[in-house]
Structure formats: structure tokens, C-alpha cells
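Presented below is the structure to which this report refers.
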Amino acid sequence: MANARAFAFPKSARLLSRRDFLTVQDTGLKVSADCVLALAKRRATGAIETRIGFTVSSKVGNAVVRNRVRRRLRQLVRTRRHELPKGLDMVLIARNSAATAEWPAFVRAFDRVTSELKKRFPPP
RNA sequence: GGAGCAGCCCGGGUGAACGCCGGCCACUGCAGGACGGGGUGGCGGGAGGAAAGUCCGGGCACCGCAGGGCAGGGUGCUGGUUAACGGCCAGUCGGCGCAAGCCGCAGGACAGUGCCACAGAAAACAGACCUCCUGUCCCGCGAGGGGCAGGGAAGGGUGAAACGGUGCGGUAAGAGCGCACCGCGCGCCUGGUGACAGGAGCGGCACGGCAAACCCCACCCGGUGCAAGAGCCAAUAGGGGAGCGUCUUCUCCGAAAGGGGCAGACACGGGCGGCCCGCCCGAUGCUCCCGGGUUGCUCGCUGCUUGAAGGCGUCGGCAACGGCGUCUCUAGAUGAAUGUUCGCCGCUCUCCCGGGAAACCGGGAGGGGACAGAACCCGGCUUACAGGGCUGCUCCAGCG
RNA sequence: UGCGGGGUGGAGCAGCCCGGUAACUCGCCAGGUUCAUACCCUGGAGGUCGCAGGUUCAAAUCCUGCCCCCGCGA
């Protein structure tokens, strides 16, 4: 059943409230990669699923640009979510350069974030 | 063929892989008193002409509203149109353009107040710096200069603007002093619903400009906004603090001190969501302050023949628009869906190769493809926009 | 989503209401003073008044439409 929808990205795998964003941003671990800034924190209880939220501020561009950046980030997370460590809360913040970045730049940035997080949060 | 004006329309298409939001249906099975929630599958739907800016106008919702007045805001040629508008349509006037057309916050300056820098003699009510003319006196051989009395405002100069303009006559010099044309004012006639236009006449020039200065006039406007508001809701929960006056008549309890009740007066406080008059309220209740709880959920919200809805046809109207008939049903998110990646086709630009005298044709490679993302819903306005299409019209040139 | 404030030499700010000359401080340049520097004294340069259009004889100022920055409430 899990294989049938391996690339799904339902709401249960996303951060949805302002409180969650703030705790991750205040106490989480920073990983910087080109056009993206990632923040991660291990979830308090023994939850398995990694939850991810996106932040694209108005400094990045107008509404069309912001939507495109957020959809590309979500596409990355959707297809390669299984590569990330389990049981984390993450926030991906788009930098200003994300407005003009091409698709390969997003892929390289995600590679950096993934390898860095695997070092910081090794599987038990 | 070139240059230009106006109006309308389009805003890439298609395929694969993997996804997101919502609706309906089926199966599954979690919880169970019930509403419900999860998973899987199937079938439909899923951004714009400006969705933008938030500049106006409405719908809808709550609050307020006996009545009156004052503030405040808006609009501003006329007539229509509309749910309404600062929008739109038609016309008038003024300006620009050879023209098609375009632009205009375009009421009132004898209701009042105010301002008009610098320059200039003088800046709004008339006045006279240089000067012109007449008479007379003085100085000087003379040319001429000066004083006084009077007439005049044509000429010079300053300015954005100088108290009608141009021409002819007239005069000592001049002056609407007279005449013609133009401008201005007044009433009359004609046309028009009206703004206004045209005509003949009279007056003999008085009444400078600025109201996108205060203002006056006419008309319009209650406030706040879907985080409105309603339900789940039991809750006006439970808790702490402060305030609720004075005097008088009558009366009740009491031996008295004092306490209570009704009514009135004067204050005080509160409410009437801009203010005032005015009105209402003030003792098992009311008002204010402190403090506590809420990642709240659902409806509103997106269609039940819906809705100031859209398409087509027809009728009325110059048109905006309206009547009738018929067809269509068209996104509903809430850390916020409507995509991401890779191909192909079409458009366009550059380069290379081949053919050709050239226009061009065939093949290959590379690049470009705008402005911009619904957030309660409509009607407008304004602003941004690669490229393309259609219709009508104007001017110029050539040919027939 | 509603509302408020601001944009003036390189920097900070007046002037705007009530139209006519853009003032001040710091900084910059030149000269003086000093053996030299600083302080001080004298003189000078430097501003499309955010952009566009309009009203007016005349606009930083008044009106209209845009752009940008900052702040506040729900």
C-alpha cells in the first residue's frame, strides 16, 4: 500500500500551524544551501513521519514568483521525501535567489540538505 | 503603398510520468447512543483580462436610529441610463490636430473675506511718471528751458495682466466724441426638454484675474466591515477591586441616636459610536477596571432554476440601456489547491548548408515567448502587458 | 483587509497649512593659521524638491493618477 503512493504528499506530512513553524525556527538546526535555508528539529514524541513546511516571503517576489518557488520546493520534497531522516520537523525557507534559480539549482540544494541532515540525525 | 485614428477579440496547443484541492458514486472498515472521520477505486470540475492597485458605487451582515440643529465628507455644463456611482451614452461650450478624432473637477467673482511676488507712476479704484496741447509769467541773443492755471490720456516704458481692440473722421491736443467691423453688456424674437445656438435691436464700455484660496449655491452621504456575523455553547461560567451623592416634604420602625420607603429639587455618573439641544437609566441590580480560557470546529462560502449572471435571436432607442423569447450552469482554498519535470507541434529571431539573378524555397543548430495568481459577491475606474487577428474611418502619394 | 506617516545636495532635517527668494547642521573643496596635524577663521561647489499630467502669469507648495519606504489596528 505504501509503494502504491510512494510519492504522495498529504497534509499529515506538512507543518500547518504557526506554532510549529516558530518552534522549529527558534530551536531547530540550520542547514544553508544556495537558494534554500533548511531548519530541522527532532519531533518530541516518538512520531515516525517527517513533517515539512515551506516559507516564501514577499521579499522573494510577487505572487506568481512565490507560487512557482513553493511548488518547485514541494515537488522536490514530494519525490524525494523518503531520503530524509525519519521523525523530524522541517522548515524550508526560500532565499531571494530562488526567484531566478533554475530547476537543477533546486536539485543540488536539496542534495546538500539531505546529506547534511543524514550526518546530523543518524538513524538509531 | 505609406502615415495615422477609433472600436472589438485572442492571450499558445498537445502528450507522458508523478502529484494537489473540491464534488458525486461504490467498496472497505475505525469509533460508536448519534452526528461523524480514515483508506481504496471510478466519473466530472479546477485562475484573469486585468484575478493587480484598493480609487469609487452597491448587495449582504451586525451595531445605531423619537425629533431637531451644527459640524464633516463627496459630487459639480445639459439631458439620459442604472440597484447605485465620481461610471457609461448622447449633446453643448472651450482647447489641440490638415483630418479621422482626442483632451477638459467645465456651477457662482454685484453674498462676503482674501491674494495678485519682482518690475512699474499706478495692480482694482481709480489715478497720472515721462509726456501731448492751450493761456500766461520768468530765464536765454537764439535754439530752447522752467514755474503757475487749465484741457487730455493718444504715444513711451514695466508687467502674466494697465480700465474695450483695429481703421477712418474729428480736435489746440485728445477722448466711443461720431461712424464701420469685432468684442462686451441688456432685454426681445426664433429653434431646442435643456446646456446653448442663431437673428434683428439698443447701450457707448460700466463689470481685471484667481474659487484644483476660504467660501456661496444645488444635490447626495448613519457607522463598521465576511477576522462582518450565526451556530456547536452548556456561559451573563467561576474569581478580585472600585463606584452608585446631597437636601427637602410625607410616611414606617425605634424611647432616642439612627435606619428604611415614596415623591421632588440640585448636582454627579453612565448610555444614545463626530458634537449639541434633547431623551433615557442609576441599589438583592447596574457600570467600569483587573485577571482567566480559546493551535477551536462548522456555517456564511459557491449553488437548491440560482443571479442587478452569461451567450444567441428579436423588438424599442442615435446610443448607453431596457423589454420579450430561448439556451447554458461556470473554481471554492484557509501555512492557503488549481501544478512540477521532460518531450513534440505551431509562432518569431539569429546563424550555417544547398538551390536561385532576386523575391524566396528546402534542411540543420541555437535562442525568445509578456503583464500577472481567485480569498464574501457583483458594477465600474485606474495601472501593467511579449506577440497576433478582425472591422470601420482620415490624410498623403501613385495607377486606372 | 482597513488605516496613517514620509520621499527636498553625500547624510540628517526646515520650507508646504497661507503659491513668487530652497534655509540650517555635519560632511566635501580651496585659502589662512601651525614646524606639521587637529581645533579655529574666510570663501566656494553641490539640489530633475520620488515620477507623470493638470490649474495658475507663476507649483517643492494646490488638484489627479502612479512608484517606493516606514509604521499601526483587526
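Order of the sequence lines sets the chain letters (A, B, ...), proteins ahead of strands, with each chain counted from 1. When reading the values below, keep in mind they use all heavy atoms of this one structure, side chains included, and skip hydrogens, waters and symmetry mates.
Rounded to whole angstrom, the span from the CZ atom of A:Phe106 across to the P atom of B:C342 amounts to 13 Å. Between the CZ atom of A:Arg80 and the P atom of B:C18 there is a distance of 18 Å, rounded to whole Å. In this structure, A:Arg68 places its CZ atom 12 Å from P of B:G373, rounding to the nearest Å. For the pair A:Asn67 CG and B:A374 C1', the interatomic distance rounds to 11 Å; values are reported in whole Å. For the pair A:Leu76 CG and B:G19 C1', the computed distance is 13 Å after rounding to whole Å. Nucleotide B:G339 holds its C1' atom 17 Å from the CZ atom of A:Arg66, rounded to whole Å. Across the protein-nucleic acid pair, A:Trp103 atom CH2 and B:A17 atom C1' stand 14 Å apart, rounded to whole Å. Look at CD on A:Glu102: it is 14 Å from C1' on B:U340, rounded to the nearest Å.
A 3.5 Å limit on both hydrogen-bonding distances identifies B:G91 as the Watson-Crick or G-U partner of B:C77. Remark: B:C385 base-pairs with no nucleotide in the shown strands. Criterion, Watson-Crick or G-U wobble with two distances under 3.5 Å. Figure legend. B:G67 is base-paired to B:C277; pairs are counted as Watson-Crick or G-U wobble with both atom distances under 3.5 Å. Nucleotide B:C115 has B:G209 as its partner under the Watson-Crick or G-U criteria, with both atom distances under 3.5 Å. The pairing partner recorded for B:C62 is B:G223, the criterion being a Watson-Crick or G-U wobble arrangement whose two distances lie under 3.5 angstrom. Base pairing of B:U350 is made with B:A365, judged by Watson-Crick or G-U wobble geometry with both donor-acceptor distances under 3.5 Å. Nucleotide B:A173 has no partner under the Watson-Crick or G-U criteria, as no pair reaches both atom distances under 3.5 Å. A 3.5 Å limit on both hydrogen-bonding distances identifies B:G285 as the Watson-Crick or G-U partner of B:C244.
Using a 4.5 Å cut-off on side-chain heavy atoms (C-beta onward), A:Met90 and A:Leu117 make contact. For the pair A:Leu84/A:Ile52, a side-chain contact is recorded, criterion being any heavy-atom separation below 4.5 Å from C-beta on. With a 4.5 Å cut-off on side-chain heavy atoms, A:Arg42 and A:Pro85 do not count as touching.
A gap of 26 Å separates the P atoms of B:C88 and B:G373, to the nearest Å. Atom name C1', nucleotides B:G388 and B:G107: the rounded distance is 48 Å, in whole Å. Between C:U1 and B:G225, the distance separating the two C1' atoms is 9 Å to the nearest Å. The separation of C:A52 from B:A84, taken at their C1' atoms, amounts to 32 Å, rounded to a whole angstrom. Distance noted for atom C1' between B:G13 and B:C347: 11 Å (whole Å). B:U75 sits 15 Å from C:C66 when the P atoms are compared, rounded to a whole Å. Between the C1' atoms of B:A370 and B:G48, the separation comes to 14 Å (whole Å). Comparing the P positions of B:G311 and C:C67 gives a spacing of 31 Å, expressed to the nearest Å.
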Would you give me the side-chain donor-acceptor pairs under 3.5 Å for residues 100-111 of chain A, sequence neighbours excluded?
unit_1: A:Thr100; atom_1: OG1; unit_2: A:Ser97; atom_2: O; d: 3.4
unit_1: A:Asp111; atom_1: OD1; unit_2: A:Arg80; atom_2: NH1; d: 3.2
unit_1: A:Asp111; atom_1: OD1; unit_2: A:Arg80; atom_2: NH2; d: 2.5

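A:Thr114 contributes atom OG1, which lies 13.0 Å from atom CZ of A:Arg81 (distance to the nearest 0.5 angstrom). Rounding to the nearest 0.5 Å gives a distance of 11.0 Å between CG of A:Leu73 and CD1 of A:Ile93. To the nearest 0.5 Å, the span separating OG1 on A:Thr50 from CD on A:Glu83 amounts to 12.5 Å.
Salt bridge A:Arg112/A:Glu116: absent, no basic N to carboxylate O contact under 4.0 Å.
Anti is the glycosidic conformation of B:G29, whose angle departs from 0 by more than 90°. The glycosidic torsion of B:A31 lies more than 90° away from 0, which places this base in the anti conformation. Syn is the glycosidic conformation of B:A234, whose angle stays within 90° of 0. Base orientation of B:U134: anti, since the glycosidic angle falls outside 90° of 0. Glycosidic torsion of B:G323 falls outside 90° of 0, placing the base in anti.
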Pairing annotation in dot-bracket form, given for RNA chain C with Watson-Crick or G-U pairs under 3.5 Å and | for cross-strand partners: ((((((((.[[[..)....(...]]].(((((.......))))).....[[[[[..)....]]]]]))))))).
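Remark: A:Arg71 is in phosphate contact with B:U338, judged by side-chain N or O atoms under 4.0 Å from OP1 or OP2.
The nearest pair of heavy atoms linking A:Ala99 to A:Val60 is CB-O, 3.5 Å. Between A:Ala40 and A:Val24 the shortest heavy-atom distance is N-CG1, 4.4 Å.
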Base versus backbone protein contacts along nucleotides 331-336 of chain B [heavy-atom cut-off under 4.0 Å; B, S, -]: ---SBS
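Side-chain atoms of A:Arg78 lie closest to B:G339 of the nucleotides B:A372, B:U341, B:G339.
The closest donor-acceptor contact from the side chain of A:Asn67 to the backbone of A:Arg70 lies at 3.5 Å or more, if one exists at all.
With hydrogens and angles left out, the side-chain atoms of A:Arg72 and A:Gln75 include no donor and acceptor closer than 3.5 Å.
Comparing A:Ala63 and A:Pro104 by the nucleotide of RNA chain B whose heavy atom lies nearest to each, the residue mapping closer to the 5' end is A:Pro104. Residue A:Arg72 is the one, among A:Arg72 and A:Val64, whose nearest nucleotide of RNA chain B lies closer to the 5' end (criterion: closest heavy atom).
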